[in-house]
Amino acid sequence: MTFDRRTLLGGFTGAAALAPFLAVERAMAAAEPPPNLRDIDAQAAEAHERLMQVPDLNMHGDEQVAMLLYPGFTALDLVGPHYFFGSMMGATVHLVTNQPNLAPVPSDLGLAIAPTTTLADAPKAPTVLFVPGGTTGTLAAAADPATLAFLRDRSAAARFTTSVCTGSVILGAAGLLKGKRATSHWTVRETLGHFGATPVNQRVVTDGRVVTGAGVSAGLDFALTLVEMLRGRPYAEALMLQGEYHPEPPFAGGTPENTDPALAGPLADMFAGFAARVRALPVAS
């Protein structure tokens with residue numbers, strides 16, 4: 001059996017997910033493998049074919065995913081979902097900056113991400129329109145007319161309009177959550193009512209074409225939910241295993257309900273000003 005390792009790896013994970021291994025793959029391709037490795041590669045090719053035969057596993061697609069970047073976004077809100085979206089074979093992920101050029105966009109903690117396109121040049125009808133959260137940067141984006149106009153325009157043609165964390169605040173400011181059930185980071189979840197949404201205390205909330213994720217780490221749950229909706233449960237489970245997503249927190253916590261009140265109370269008070277500023281944002285007519 002003739003077999004190219006890159007064909008198998010590319011067929012399952014997509015080049016974006018395998019960037020750290022490409023140099024190794026190129027080096028391996030330049031040398032004829034020993035007989036035992038040829039056998040292992042042949043077995044891997046056969047395993048790939050078996051994977052293709054799993055019922056309801058839709059390995060190939062052509063999704064266009066538009067992920068918004070704005071100064072001060074929270075990097076993990078974007079990077080977590082990006083891993084799973086970028087791993088979908090055939091999907092194209094567009095990192096859309098709301099800035100005037102393609103300069104790297106700094107996150108709230110200084111990690112800068114290089115965009116691939118601008119608001120004007122982003123796909124007109126994306127399969128998934130995605131917005132990450134943040135704090136002060138989110139407030140600025142939620143008050144930026146160009147950003148809000150972009151979201152309203154692309155959402156009209158998108159299959160799914162989505163967010164993670166306080167990204168739902170920006171969707172709300174754009175008028176895209178009216179009459180919808182939605183979630184957000186716990187510090188501002190209840191403020192979604194300000195935008196005509198029904199706040200829901202869940203990790204991921206789906207209401208028709210609108211899918212929202214809770215705070216930061218919930219982006220992984222959110223993305224796997226989207227992958228299942230786009231490609232089916234088996235494909236989502238395969239990517240879940242590829243990413244070894246099997247969380248085991250080192251201790252209890254992570255929500256106000258299961259965190260020591262001595263910690264949860266002050267943290268809530270620290271974010272009270274941010275929540276008040278969210279409630280002061282204009283509501284789209």
Side-chain angles (χ1 to χ4, degrees), residues 65-78 81 94-100 105-108 115 118-120 122-124 126 128-202 204-216 218-219 222 271-285:
V65 182
M67 306 185 79
L68 182 68
L69 292 174
Y70 57 86
F73 73 99
T74 295
L76 188 56
D77 288 0
L78 179 128
H94 305 269
L95 299 176
V96 186
T97 179
N98 71 347
Q99 300 301 290
V105 181
S107 71
D108 50 7
T118 62
L119 297 180
K124 303 301 181 184
V128 177
L129 178 64
F130 170 80
V131 183
T135 51
T136 56
T138 302
L139 292 172
D144 177 53
T147 299
L148 299 183
F150 166 80
L151 292 174
R152 284 191 286 264
D153 178 75
R154 298 309 197 267
S155 177
R159 180 175 173 186
F160 295 107
T161 296
T162 71
S163 66
V164 164
C165 198
T166 57
S168 54
V169 167
I170 303 177
L171 293 183
L176 301 176
L177 295 185
K178 291 180 180 178
K180 296 294 185 179
R181 300 168 65 253
T183 191
S184 191
H185 192 280
W186 64 270
T187 57
V188 296
R189 185 173 55 240
E190 295 306 313
T191 69
L192 297 182
H194 173 70
F195 304 107
T198 299
V200 180
N201 183 9
Q202 292 178 4
V204 182
V205 175
T206 300
D207 190 335
R209 297 190 307 114
V210 175
V211 184
T212 52
V216 193
F222 153 85
F271 283 96
F274 175 55
R277 287 171 173 82
V278 169
R279 291 189 181 91
L281 286 168
V283 178
S285 58

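Basis for what follows: all heavy atoms, side chains included, without hydrogens, waters or symmetry-related copies. Owing to the predicted nature of the structure, the values given are computational and were not obtained by experimental measurement.
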[X] [atom1] to [Y] [atom2] distance, which is reported to the nearest 0.5 Å:
X	Y	atom1	atom2	value
T198	L192	OG1	CG	9.5 Å
L177	S163	CG	OG	7.0 Å
T166	L171	OG1	CG	10.5 Å
T135	H185	OG1	NE2	10.0 Å
L69	Q99	CG	CD	9.5 Å

Quiz item: Is there any side chain to side chain donor-acceptor pair (under 3.5 Å) pair reaching into residues 68-78, and which pairs are they, with sequence neighbours excluded?
Solution: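 Residue pairs with at least one partner in residues 68-78: Y70-T138, T74-D108.
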
[X] versus [Y], closest heavy-atom pair with distance:
X	Y	result
A158	R209	O-NH1, 2.5 Å
D207	R181	OD2-N, 2.8 Å
P199	G193	CG-N, 3.9 Å
P71	N98	CD-OD1, 3.5 Å
A174	A284	C-CB, 3.9 Å
I170	A141	CD1-CB, 3.7 Å

Quiz item: How about R152: does its CZ atom have over 12 heavy atoms from other parts shown lying under 6.0 Å from it?
Solution: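 Correct, the count exceeds 12.
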
Exercise. Could you check V96 against L119 for side-chain contact (heavy atoms from CB on, under 4.5 Å), going step by step and ending with a plain yes or no?
Key: CA-CA 6 Å; V96 186; L119 297 180; 3.8 Å; yes

Treating [X] as the side-chain partner and [Y] as the backbone partner, does any N or O pair qualify as donor plus acceptor under 3.5 Å?
X	Y	result
H194	L281	yes
R154	L129	no
S184	A214	no

Exercise. Would you mind reporting whether P132 and M67 have side-chain heavy atoms less than 4.5 Å apart?
Key: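 When only atoms from C-beta onward are counted, P132 and M67 do not touch, as no gap falls below 4.5 Å.
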
Quiz prompt | Side-chain heavy-atom pair T162, V131 within 4.5 angstrom cut-off | solution =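 No, too far: nothing below the 4.5 Å cut-off.
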
Quiz prompt | Test side-chain contact (heavy atoms from CB on, under 4.5 Å) applied to T183 and R189, step by step | solution = CA-CA 6 Å; T183 191; R189 185 173 55 240; 3.6 Å; yes

Practice problem: Please lay out, stage by stage, how V164 and L76 fare under the test side-chain contact (heavy atoms from CB on, under 4.5 Å). | Solution: CA-CA 10 Å; V164 164; L76 188 56; over 6 Å; no

Quiz prompt | Stepwise side-chain contact (heavy atoms from CB on, under 4.5 Å) check, F274 with L139 | solution = CA-CA 9 Å; F274 175 55; L139 292 172; 3.6 Å; yes

Quiz item: Under the ring pair (Phe, Tyr, Trp, His ring centres under 6.0 Å) test, which residues partner F222, sequence neighbours left out?
Solution: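 For F222 the ring pair (Phe, Tyr, Trp, His ring centres under 6.0 Å) partners, ignoring immediate neighbours, are F130.
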
Quiz item: By side-chain hydrogen bond (donor to acceptor under 3.5 Å, both in side chains), which residues pair with T212, not counting sequence neighbours?
Solution: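 Listed in chain order: nothing, the list is empty.
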
Quiz item: Using 30° and 60° as the class limits, which term best fits the ring planes of F271 and W186: parallel, tilted or perpendicular?
Solution: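 Taking W186 first and then F271, their aromatic rings stand perpendicular (interplane angle over 60°).
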
